[in-house]
Structures are given as structure tokens and as C-alpha cells.
2 protein chains.
Amino acid sequence: MKTTIKDIAKMAGVSTATVSKVVNHKDNNISEATRQRILNLIEEYNYVPNRVASSMVTKKTHSIGLVIPDITNPFFPEIARGVEDLANQHGYHVILCNSDNDLKKEVAYIAMLQEKMVDGIILTASAMREGETLDLGRIHVPVITVDRDIKASKIKGKIIVDNKSGAYEAVSYMLNKGYKRILHLAGPFTSGTSKERYEGYKLAHENFGLPIYEELFVEGFYTAEWGYEGIQRVLNEGIDFDGVFCANDLIALGALKALKEKGVKVPDDIGIVGFDDIYMTTLIEPRLTTVHQPNYQMGYKAAQMLVDFIEEKVVKEKKIILKTELIIRESS
Amino acid sequence: MKTTIKDIAKMAGVSTATVSKVVNHKDNNISEATRQRILNLIEEYNYVPNRVASSMVTKKTHSIGLVIPDITNPFFPEIARGVEDLANQHGYHVILCNSDNDLKKEVAYIAMLQEKMVDGIILTASAMREGETLDLGRIHVPVITVDRDIKASKIKGKIIVDNKSGAYEAVSYMLNKGYKRILHLAGPFTSGTSKERYEGYKLAHENFGLPIYEELFVEGFYTAEWGYEGIQRVLNEGIDFDGVFCANDLIALGALKALKEKGVKVPDDIGIVGFDDIYMTTLIEPRLTTVHQPNYQMGYKAAQMLVDFIEEKVVKEKKIILKTELIIRESS
DNA sequence: ATGATTTAGGTAAACGTTTACCTAAGGGTG
DNA sequence: CACCCTTAGGTAAACGTTTACCTAAATCAT
């Protein structure tokens, strides 16, 4: 049998109220003698407060749900870590959910989180297909989205990254460097980030007064496999290009691999620029020029905003747009 | 106000017991008419059962704690994913905790998890320094360790990988290929896995009747930074070697980078073999020969065993040793 | 000495479920 | 008709806390 507050109260000859007060440091009107007596008993009998019982009365579980597509995707651990760090600092714990970019799973997880009475949810929404929509109508805890901007009602806050300007900066840099025909290996257009990065690509060309060649834009997926395949396809079609702007680093890594295998020299023959700045970009040869995304910051800020909502502090900014940073390395 | 079981009961003109039964599908003796009436009200009023209240009476929270050093280390996301997948299949959710290899944080997290009444804990223990010991004496839920074998009482089960034989196989392979002076960039010896891998390295040499050169063994950390630095140090000291066996892939990646920068050709001049088979090993050039660790499997099996303990099934094996697999690629 | 205030703690309801056990009505059997 | 069984549901305690409000004794000011 686990020791409960009642056991301690009985042994100390006080009421449970008194024990509760000392456990929660609301012991301003408890005599030092009693306090010590209780503390000793707690120690001796290894009393561990049952937080689920507390939650029943306080209506707070001090837990937050984190719903992301896949922790295995190198993009997400940093976000998760940022969330967890801030949460931990404030006494919250985080429940990890992998939605696999599947709206059904996502909805199921959110429902589950609600049943578990989490105090709030941080969500990187799955890419939605046409006609799909995420209904948060029945959720009554704050929801913050991270990285992906979705249009669903009831979202209390957003943390996003300025993808368009990040891409703009990267492509401008390439154009400045003299690249003329920049291939854009895009992510899936069901993802808003992918679209925004494409827009940055376009805008840079426009500002330079350069045309956009249709054959230099290829839509795909956010994976290394696709980067690998995409390059091969373009090469096989005989399309000419002197630089590649990839919608994320995974694509870039795949592309780089494919180019190397074809004997193409990077950056001498063709330059590559990625997006995200995931850890491994510095471990490869040549190190990848890329657009740094502040992932840890995103997670951290999201959690911060969520906790502010939960604790009913005033939240000044409900939409935080984080800046990217172009990191120039040797691949371009 | 959120709808509770009482609201539904009142509106349906039945007792809460009845509603509870239909919600939990224990409705064998509830008439179909009543069942439908209740179901409709649940739908209409968006009744969401409060699982923390359930937990109070059932003594189960259907949550498990996952304590790992750092989700940001590419070694762990796969484990976490394995855990989460199995947990999810069985209706459990997982609470993520990053201990940063800090015993204090680890202990604090475990205490917190206990207060939150998790049903069990999966732990990749932090590397302990001399004299440190993890006291699980006060935990009364099952604890399973993963990857790292620690000696702490009260561990209900272990999932580990046969590090020694993995290393043995890798080094034997190198020796067979004709490498004569194999540098071993080890991890920290506070970590058991690191020691075991070293033992595999030693055993292979012994079986080949070859000597072990002291200067070819260097203890360090499980990071790419250290691999990079370690190689430079060895090179600066003018120590001669023709192959490198790294205690993990991160070290190997760092080492590879350092070698490339010095103009050393891999695998022509020097061969490299790593350990872990993290995702990025296939994205670099040359792709890394490494010892595959079944990380996802580890997490999955750990969760499986934990759930079996929680649900009081008979657990046949309390120590599962997973086999590694040597993956030969181009770096050797 | 009296009334007011402070100190130290107690009382008991409430949080939202589950579940062992009870009951009342109806049906079946001989 | 008397008895038993089944059906359909109800009763109420229990889970372990927290907290608004209460109270009795001691101290203080005048």
C-alpha cells in the first residue's frame, strides 16, 4: 500500500489539510514543530503525493501534448527539445505524439490528449490534402501551432518561420554569385512551407529581372530519397542547370549524393543550397550552405506562449514570426 | 462548463453507472434503446470522459515515462518512436524526458513521473560517474532499461544490444580485409556500451593473434566533435594507422571529416567503420560501413515488455539481447 | 478585564469516475 | 401458482487531494 496524505495526517495527529499545506508550501500558518513532524514522516514513509488526485481538484494536469509528424525526421527533435526544456522549467511534462502526417491519427491523438486533460497542445499539423480540414471546435484548451501555418479555428497562437524571406535570401545569394539556371527541388505543395519557399525563389528571380523556367521547378517530398530521385530525373531529362535550391536539407543531401554519384563536382560544377540547417549538414563534404531555421527556438517559444496561455498571463504576440539565417558553407 | 457523466446521466434519465457502462463498452446488460439514447447525448453534448477521474479509481493512468539523455542525439529518436508506436497501439501515451546524462535531472524526472502516477518507466540511464548510483528503491512501477545495462536494483527488465559481439564482428571484418593498425576511437568509459565495444575490439585482435597497441586506443566522447578532434590529435602525434573503428557513428562522421580535410582518402588510404547505423550514414560520401543497432526494435520491445509487466502478463524473457548487424558500405 | 486580533489548525465538500453489490420487474418452468 | 432466473439498471462508496470557510486558544492593546 502506498502512503497517502491521510496516513501521514493520522500519524502526525493533524488533518489532511495541514499536511496538504506543508506539502504545497502553503505553510505560513503551520508551526515549525508540526511542519517538521510532517516532513519527517513524509521522508520516513516515502510519501509521494498523487498528482492525479490533485489534478481532480485543481483542474490542471501540468501536462502538454506535443503532436508532430515524426520524431524520427531530423527536423523535429530540436523542436521537441525546445518544448520539453521550457515545459520542464515550468513544471510541465510533455506527451509525445507522432502523427505520421496522417490527419486521422492526428485527430485521434488530439482527442486522446483531451481525454487525458492536458493543459494545452502544441501542434505541427500534418500536411492536409484538398478538402481536408482540422476541426478543433471541440477542444477547450489552448492550441499553438508550430512551423506550419494552418487555417483552423480555435488556434490560440502560432510560431512560424519566415520561409519566404529565407528562400528569397538564399536564392538572391545564389543569383548574386552568378548562378543562372537554378533548379528548385520543392517539397509537397500540400505543405504551406513548401509553397512559401517557392514564392521566395520566385520573388528573388523577379527582383533580379530574371525569368523562371518551368522545367526548373519540380515538386516532390521532403525526403532525401526524393532529392536523390529528383536529381536523377532532371538529369535524365537532359535539363540544364548550374545550381540547386532545395526546399529542405534532406532533399539537398539526397541531391548531393546523386550528383556525386554522377561525377558532378559540388560546388565547382553545380552549387547546392538547402533549407533547415539540420545537424548533419556540417558533417558532410562539402558542408551544405543552407538557411538556418531556429527549430529549438520555435519549440521553446511555442511552449512559452502555451504556458502563458495556460497560466492566463497576457500574451502580447499571438503570432511570432522567426527569422531565418543564411549560413554560407562550401556547397555553393 | 464541460459536460460530465452526471450531465449525460441526468439528461438520459439513467444513473451514472449506466452511462459509464456504455462509455466503456461494458454494456451487455443495457438495452439498445438506452444505449442509443446515451450515445446520442454524448455526441450532441460533446461529452469527453475525464481520464484523470478514471485513473483515480482504476489506479491506471495509461501513461509511461521515457527517460533518455537527449532526443536531439540522432541515436534516440528511433528508440522513442519504437516506444511510442507500441505504446500507442496499446492505448498508452508516452511522456518524454531528457536527462542530459545528468544523474540529478534523471532522478528528478523519475520522481516526477512517479508523482504523475505513470504505469511504468523506460529508461536509458545516464552514464554514471564513479560512486554514483541510481536508487530506484522507492519506485513501485516497473522500470525497463534500454541500451545501457546498469546495476540498480528494482529494474524489472532490460533490452540491450550485444555490443561486444557487434564490435567483434566489425573489427574481425577489418582485420580480415587486411587492416593492420586499427585505431579505436572509443566513447567514454563511464558508459558500459563503450567498454563492451572496446572489448569486442580487443577480442577480435586476440583471436587473430594480433597485438593491441596502446597508442591506438583513445577514449573520448560519443560526439562528432570528439571524432574530429581525436583524429587530429592522433595525426598530430604522428601515430600511424590504416583503419579506424569508431565507437559510434557520430565519432566516425567527425573522424571522416577530419581525415578528408587532411587530404586523406577514405577508404583508399584509411578505412573507417562506425557503430549504430544512424540515418545520416547513408547520406555521406563514402557511405559509412557500420554496425547496425536495431534502435526502433529496442524501443518497441522495451515498450512491449513494459506493457506486459503493467498488464501483469507473464514475461518470459526479462533480458533481451538484440543482435547487431554489420552493414558493409564504401568507407572500408 | 475586555474586546480585537493573530496563530494554528480543522471540517467537509468537491472534483468525475468506476464497480461491487443490490433490486425490481418480467419470463419461464413444473 | 410458486419458484427461479434473467434483464435492465440503480446505489453509494471509494479513489487522494485541495480549499473555502470555520474555530479555539493565545496574545495584544487599552
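So that the names make sense, note that chain A is the first sequence line, chain B the second, and so on, each numbered from 1. Keep in mind that this is a model prediction, so the values were computed, not measured.
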Students often get this wrong, so: under 4.0 angstrom with heavy atoms, is A/S15 touching a base, only sugar-phosphate, or nothing? base
With no hydrogens and no angle check, just 3.5 Å: does a side-chain donor-acceptor pair link B/N73 and B/Y222? no
B/D27 has an atom CG; how far is it from atom C1' of D/dG9, in whole Å? 13 Å
Applying the side-chain contact (heavy atoms from CB on, under 4.5 Å) test to B/V161, which of B/L322, B/T193, B/N295, B/I320 qualifies? B/L322
Here's a test for you: under side-chain contact (heavy atoms from CB on, under 4.5 Å), which of B/V94, B/L66, B/I64 qualifies with B/E84? B/V94
Around atom NZ of B/K104, are there more than 12 heavy atoms of other residues, nucleotides or ligands at under 6.0 Å? no
Base, sugar-phosphate, or nothing: which does B/N29 touch, judged by heavy atoms less than 4.0 Å apart? base
Nearest whole angstrom, please: distance from the C1' of C/dT7 to the NZ of A/K26. 19 Å
Side-chain N or O of A/K59 versus OP1/OP2 of D/dT18: is the shortest distance under 4.0 Å? no
Look at the side-chain N and O atoms of A/T16 and state whether any lies under 4.0 Å from the OP1 or OP2 oxygen of D/dT18. no
Rounded to the Å, how far apart are A/I38 CD1 and D/dT17 P? 13 Å
Taking for each residue the nucleotide of DNA chain C bearing the nearest heavy atom, is the 5' side occupied by B/A53 or by A/G13? A/G13
Can a side-chain donor-acceptor contact be found between B/Q114 and B/H140 if the only test is distance below 3.5 angstrom? yes
Separation of C/dA8 C1' from A/R37 CZ (nearest whole Å): 12 Å
Contact class for A/V22 vs. all strands (heavy atom < 4.0 Å): base, sugar-phosphate, or nothing? nothing
Could you work out which one of C/dT18, D/dT19, D/dC15 sits closest to the side chain of B/M56? D/dC15
Sugar-phosphate, base or nothing in reach of A/S55, heavy atoms under 4.0 Å: nothing
Distance below 4.0 Å between A/T18 side-chain N/O and C/dG10 OP1 or OP2: yes
In whole angstrom, give the distance that lies between atom CG of B/N24 and atom C1' of C/dG16. 13 Å
Looking at the side chain of B/S20, which of D/dG10, D/dG16, C/dT19 is the nearest nucleotide? C/dT19
Closest non-hydrogen atoms of A/N98 and A/I71, given as atom of the first, atom of the second and distance, are ND2-N, 2.8 Å
Scan A/K6 against the nucleic acid and name what it touches under 4.0 Å (heavy atoms): base, sugar-phosphate only, or nothing. base
Without decimals, in angstroms, what is the distance between A/K10 NZ and D/dT17 P? 14 Å
In whole angstrom, what separates B/E115's CD from D/dT17's P? 10 Å
The residue, A/T4 or B/S31, whose nearest nucleotide of DNA chain D is more 5′ is B/S31
What's the CG-P distance between A/N28 and C/dA8, to the nearest Å? 10 Å
Contact under 4.0 Å: A/S54 side-chain N or O vs D/dT18 OP1/OP2: yes
Applying a 4.0 Å non-hydrogen cut-off, can you work out what B/K21 is touching in the nucleic acid: base, sugar-phosphate, or nothing? base
For D/dG9, does either OP1 or OP2 sit under 4.0 Å from a side-chain N or O belonging to B/T34? yes
Indicate, with a heavy-atom threshold strictly under 4.0 Å, whether B/V23 touches base, sugar-phosphate, or nothing. nothing
